[in-house]
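These figures come from a predicted structure and were not determined experimentally.
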Amino acid sequence: MTRLSLISALLSGILGLSFAFVFPRTTQNKHRPAFLAESTKLNSAVNDVLETFQKRLNGGSLTDEEKRATITASESLLEQLYELQQLSPPQYDDDQLRIAVSAMDVDAVSNMLNAGLNMDEETTDAAFWAVVKAIDTAEEQDQPLPTNVPQMIHHIFDADQHHLLTREKLTTNVTCMQPDESTGLAGAAAKMNYIFDDGDHKNLPLTEGRKCEDGDCCDTCSRNVFPTFATKDESSLEIFPELSALTFNDLEKVSAATIVQFVRLVERVRRTIAYEYGLPLSTILPLQAYSRKYVAGTTQKGGGGGEGDFVTLHTDEATHSGYHYSSVLYLSTQGEDFEGGSFIFNDPDPDEDQIVDETVGTEEEEEDLERVAAMLEAWKRGEELPESDEIMLGVEEPDEDSSWQEDIRNAGRLLKPFVPTKGAAVIFSSGWENMHEVEKITAGVRYAVPCFFTTCKVEEGHYKQMNVGKPKTDECIADDWLHLLLAHRKEEPMESVGRVKELLMKWHYLCTPLSEHY
């Protein structure tokens, strides 16, 4: 029983009156003076009530007018006490917060966080496993997902961001770059080679600026390295074994713990991008995220989890125009779990001349360049092109075992390798300023989580076409978590594609409370 309820009961018992304690409407007046400034009014109310108490104790009876006066005085007294309580908020401690978290008492947790407490890493971990238990219990009992599950998850996401801000971060600012559309025939040839020859990617003519097609990116670009983006437990394949090869398209047999942890890591990247680049969180959505393994001695088979022992030089925004920000989180350590496999930013060497030569030596070469330029325009229109060996100009078939081939490929380049360690992450703008590759893995298996984010806006019409549009209540958020992530149902491929598309478009609404759905 609260102190005010106790006083109300005391007044009711002594006066023999029935008080249904409700704060007077006047407590809503935000312009009333503070409690201490109204001591005269408070003393008067107390005196009125005490005089009534004295009369009752002496065996007297109250007239109707005295009863009304006493009720008025009592309400005034309670109002003043309420104000005093508001000026002195309750005190909480970390032990109480940890108990509330373990009990999934979201209201109590919210009150304690609003009062100034923070969830430390131990408490956040307890909250995570309390959430997993609640999800598993609801599934076992075939019950809807309780609303306190996503609400607690939101608190976990907030705490994760708070913890990350206290950890080491290494930032390198770089000049944003994009393809130069103004170059002549030689530039057109370079673009065509760039399309068909990964090794020629570095020769694409560039100019300063952020392309960010159809999006709203920050006009600054950078590379951010977090040596401890995730703790050892958070990135553990022993605790979360399905993280070794996970996509949102196939969650039927993935544990709730791994699904929530994967979402948690992706959301941590999203919030980091918003913080680092000064973007509203609501404008950033994941366009693709998956965990992938790179195995020594295998051939790359494409994205979405395909194995391979290297990743060729590329630019993420060139791979997909909607990729505006990228990240890679590592689940294994070079030198312990695998050899080779460094992540490498491949930059122009500032000491080398990078200007494309606009001169053409012979009439035959000029004709070749014109032909390539015409093919480039045809390719843009979606027309079928001849085999690549018919249009490659002066590109010799590489000798796979020749070390000089690598020397030639890297000529005029400045390679900046990052050695992957478990729990580390690299987060960077996706434009041509951040060309990168993964060197060949010579032994072992390298596990990583690549994520790609867009700032392209989702049109309102897309939400209206969904069976269930944007969530408007806490129950709707919980239902979306269940049906888009945690249902553990078997799906046909097209059904899976539709679900993942809806999941990514609704990501912000699933990962933030209703108050942030703007």
Side-chain angles (χ1 to χ4, degrees), residues 101-107 109-110 124 126-160 239-243 246-268 270-271 282 285-286 288-291 451 458 462-517:
V101 157
S102 299
M104 287 292 290
D105 187 346
V106 171
D107 290 339
V109 171
S110 298
T124 306
F128 174 84
W129 291 108
V131 162
V132 171
K133 182 178 179 181
I135 294 171
D136 289 341
T137 299
E139 184 172 16
E140 290 169 3
Q141 298 177 356
D142 196 23
Q143 296 293 318
L145 193 67
T147 57
N148 63 352
V149 167
Q151 289 171 340
M152 187 68 80
I153 289 175
H154 298 158
H155 286 319
I156 293 171
F157 292 162
D158 290 341
D160 284 347
I239 298 174
F240 307 105
E242 300 97 335
L243 278 183
L246 187 150
T247 71
F248 284 126
N249 294 80
D250 186 10
L251 298 176
E252 180 187 2
K253 298 180 180 179
V254 181
S255 68
T258 298
I259 294 173
V260 176
Q261 181 63 9
F262 188 70
V263 173
R264 180 184 179 187
L265 294 172
V266 175
E267 177 63 9
R268 191 178 304 176
R270 188 175 80 104
R271 294 183 181 221
S282 60
L285 295 175
Q288 190 174 31
Y290 51 87
S291 59
C451 303
V458 178
H462 293 304
Y463 294 110
K464 294 178 181 179
Q465 292 174 1
M466 299 175 183
N467 291 331
V468 179
K470 294 180 183 178
K472 297 180 179 179
T473 66
D474 290 327
E475 288 76 13
C476 291
I477 296 176
D479 286 344
D480 276 341
W481 268 90
L482 176 61
H483 294 296
L484 297 178
L485 284 164
L486 300 167
H488 288 126
R489 64 179 181 271
K490 186 174 181 60
E491 297 175 301
E492 295 298 325
M494 288 304 296
E495 182 184 5
S496 170
V497 169
R499 174 182 57 77
V500 174
K501 184 177 180 181
E502 182 175 346
L503 165 66
L504 299 180
M505 286 195 290
K506 284 185 173 181
W507 188 276
H508 180 73
Y509 301 106
L510 268 70
C511 295
T512 56
L514 286 169
S515 60
E516 298 181 28
H517 292 189

State, yes or no, whether a side-chain contact exists between Val149 and Met104 at a heavy-atom distance under 4.5 Å.
-> yes
Sub-4.5 Å side-chain heavy-atom contact between Val106 and His155 =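 Heavy-atom side-chain distance check passes, below 4.5 Å.
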For Glu491, all residues meeting side chain to side chain contact (heavy atoms under 4.5 Å, CB included), sequence neighbours excluded = Arg489, Glu495, Ser496, Arg499
Has the side chain of [X] got a donor or acceptor atom that lies under 3.5 Å from a matching backbone atom of [Y]?
X      : Y      : result
Asp160 : Arg268 : no
Lys470 : Lys464 : no
Tyr463 : Met505 : yes
His488 : Lys253 : no

Nearest 0.5 Å, please: how far is [atom2] in [Y] from [atom1] in [X]?
X      : Y      : atom1 : atom2 : value
Gln261 : Leu246 : CD    : CG    : 11.5 Å
His154 : Leu510 : NE2   : CG    : 7.0 Å
Arg264 : Phe157 : CZ    : CZ    : 8.0 Å
Trp481 : Ile135 : CH2   : CD1   : 7.0 Å
Leu251 : Thr258 : CG    : OG1   : 10.0 Å
Gln465 : His462 : CD    : NE2   : 6.5 Å

Crowded around Glu252 CD? As in, over 12 foreign heavy atoms under 6.0 Å?
-> yes
Could you pull out the closest heavy-atom pair between [X] and [Y], with the gap in Å?
X      : Y      : answer
Pro286 : Arg270 : CD-CD, 4.3 Å
Arg271 : Cys511 : NH2-O, 3.0 Å
Glu502 : Val468 : OE2-O, 3.6 Å
Ala256 : Asp136 : CB-OD1, 3.6 Å
Leu485 : Ile259 : O-CD1, 3.4 Å
Glu139 : Ala487 : OE2-O, 4.4 Å

Plane angle bin for His508 and His517 - parallel if under 30°, tilted between 30 and 60°, otherwise perpendicular = tilted
Are Phe262 and Phe248 close enough that their ring centres sit under 6.0 Å apart?
-> yes
